[in-house]
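Notes follow the structure.
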Amino acid sequence: MINRVVLVGRMTRDPELRRTNTGAAVTSFTLALNRNYNSADGQQADYINCVVWNKVAENVERYCSKGSLVGVEGRLRSRSYDNAQGQKVYVVEVVCDSVQFLETKAAREKAQQQQPQVAQDNFYDMKTVDLEKDFDNSFDSFNIMEDDIQF
């Protein structure tokens with residue numbers, strides 16, 4: 001059987017670090033993954049719960065925050081538990097073997113600060129191009145001699 005998952009997305013909230021009774025670190029977070037289409041209810045992204053353990057969990061909590069772009073590799077796990085109202089709750093999540101930090105916090109903040117400025121600047125710099133007038137079509141013909149053909 002094969003159970004492998006590879007995802008790239010942005011964190012929807014700051015990662016939450018907890019400790020088990022034995023002291024093992026466990027961090028949970030949710031990734032938002034853009035869809036190529038809008039669903040019938042207008043949703044444009046999928047939200048995937050992720051869990052990571054031990055040293056990787058500590059690093060994710062330390063270096064990532066809401067909006068961080070990360071790549072995860074792991075496996076799907078399904079589990080269930082009874083909530084406070086006595087109802088059975090089913091959960092499907094990715095147990096991450098590795099988490100790659102694809103964008104630094106400083107780079108993300110810099111991009112967010114420059115984004116409105118760049119969008120506005122590009123809007124005013126745009127100009128229309130008339131392909132018939134602005135480009136010379138004289139290069140369309142080639143002078144190929146019989147001796148130039150290799151086959």
Side-chain angles (χ1 to χ4, degrees), residues 1-137 139-140 142:
M1 302 297 159
I2 298 173
N3 182 359
R4 296 304 301 163
V5 175
V6 178
L7 304 171
V8 175
R10 292 197 181 273
M11 291 188 175
T12 61
R13 57 186 163 83
D14 290 341
E16 299 174 17
L17 176 68
R18 298 180 309 281
R19 300 270 178 191
T20 64
N21 293 338
T22 60
V26 58
T27 298
S28 58
F29 55 92
T30 302
L31 283 184
L33 310 169
N34 289 339
R35 291 182 177 171
N36 293 334
Y37 62 93
N38 291 344
S39 65
D41 62 357
Q43 187 171 341
Q44 299 176 355
D46 291 306
Y47 300 94
I48 310 298
N49 295 325
C50 299
V51 177
V52 63
W53 292 85
N54 301 320
K55 186 65 176 171
V56 180
E58 293 172 351
N59 288 336
V60 166
E61 193 272 334
R62 183 177 300 129
Y63 296 113
C64 296
S65 60
K66 179 179 178 178
S68 293
L69 181 66
V70 296
V72 300
E73 183 180 354
R75 64 189 186 281
L76 279 180
R77 175 179 69 181
S78 61
R79 60 185 174 87
S80 63
Y81 64 92
D82 293 326
N83 65 10
Q85 291 78 26
Q87 299 169 327
K88 187 161 248 176
V89 177
Y90 294 94
V91 178
V92 176
E93 59 196 0
V94 176
V95 179
C96 303
D97 298 326
S98 69
V99 178
Q100 302 293 318
F101 308 146
L102 301 177
E103 180 181 61
T104 64
K105 187 175 182 179
R108 185 174 72 251
E109 289 172 355
K110 183 178 177 184
Q112 287 173 347
Q113 289 173 354
Q114 292 178 348
Q115 187 175 13
Q117 179 82 20
V118 170
Q120 190 175 23
D121 290 347
N122 287 343
F123 177 76
Y124 293 111
D125 288 342
M126 291 179 8
K127 61 181 178 180
T128 59
V129 176
D130 184 0
L131 296 177
E132 296 296 325
K133 247 176 35 177
D134 294 341
F135 292 99
D136 181 15
N137 290 331
F139 61 87
D140 285 345
F142 297 99

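Small disclaimer: the values here were computed from a predicted structure and weren't measured.
- Looking at Glu61 and Arg18, no side-chain N of the basic residue comes within less than 4.0 Å of a carboxylate O on the acidic one, giving no salt bridge.
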Query raised in the report: How far apart are the C-alpha atoms of Val72 and Val5, what are their side-chain angles, what is the distance that settles it, and do they pass the side chain to side chain contact (heavy atoms under 4.5 Å, CB included) test?
Result: CA-CA 8 Å; Val72 300; Val5 175; 5.7 Å; no
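- Taking CG of Asp82 as the start and CD of Gln87 as the end, the distance is 9.5 Å to the nearest 0.5 Å.
- The heavy-atom pair separating Ala45 from Arg35 by the smallest distance is O-NE, 3.9 Å.
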Using atom types as modelled, flag every donor-acceptor pair under 3.5 Å from a side chain in residues 47-56 to any protein atom, sequence neighbours excluded.
unit_1, atom_1, unit_2, atom_2, d
Asn49, OD1, Thr30, OG1, 3.2

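- The backbone N or O of Ser65 sits nowhere less than 3.5 Å from a side-chain atom of Asp14 that would complete a donor-acceptor pair.
- Note: Met11 CE to Leu31 CG = 6.5 Å, rounded to the nearest 0.5 Å.
- Residues Leu76 and Val94 have side chains in contact (heavy-atom distance under 4.5 Å, counting atoms from C-beta outward).
- Here the CZ-SG distance, from Phe101 to Cys64, works out to 4.0 Å after rounding to the nearest 0.5 Å.
- Scanning both residues, Thr27 and Ala57, for their nearest heavy atoms gives OG1-O, 2.8 Å.
- Atom CG of Asp97 sits about 5.5 Å away from atom CZ of Arg75, to the nearest 0.5 Å.
- Judged purely by atom type and a 3.5 angstrom limit, Arg77 has no side-chain atom pairing as donor or acceptor with the backbone of Glu93.
- In plain terms, the two heavy atoms of Leu17 and Ala25 that are nearest each other are CD1-CB, 3.8 Å.
- Separation of atoms CG (Asn83) and NZ (Lys88) is listed at 11.0 Å; rounding is to 0.5 Å.
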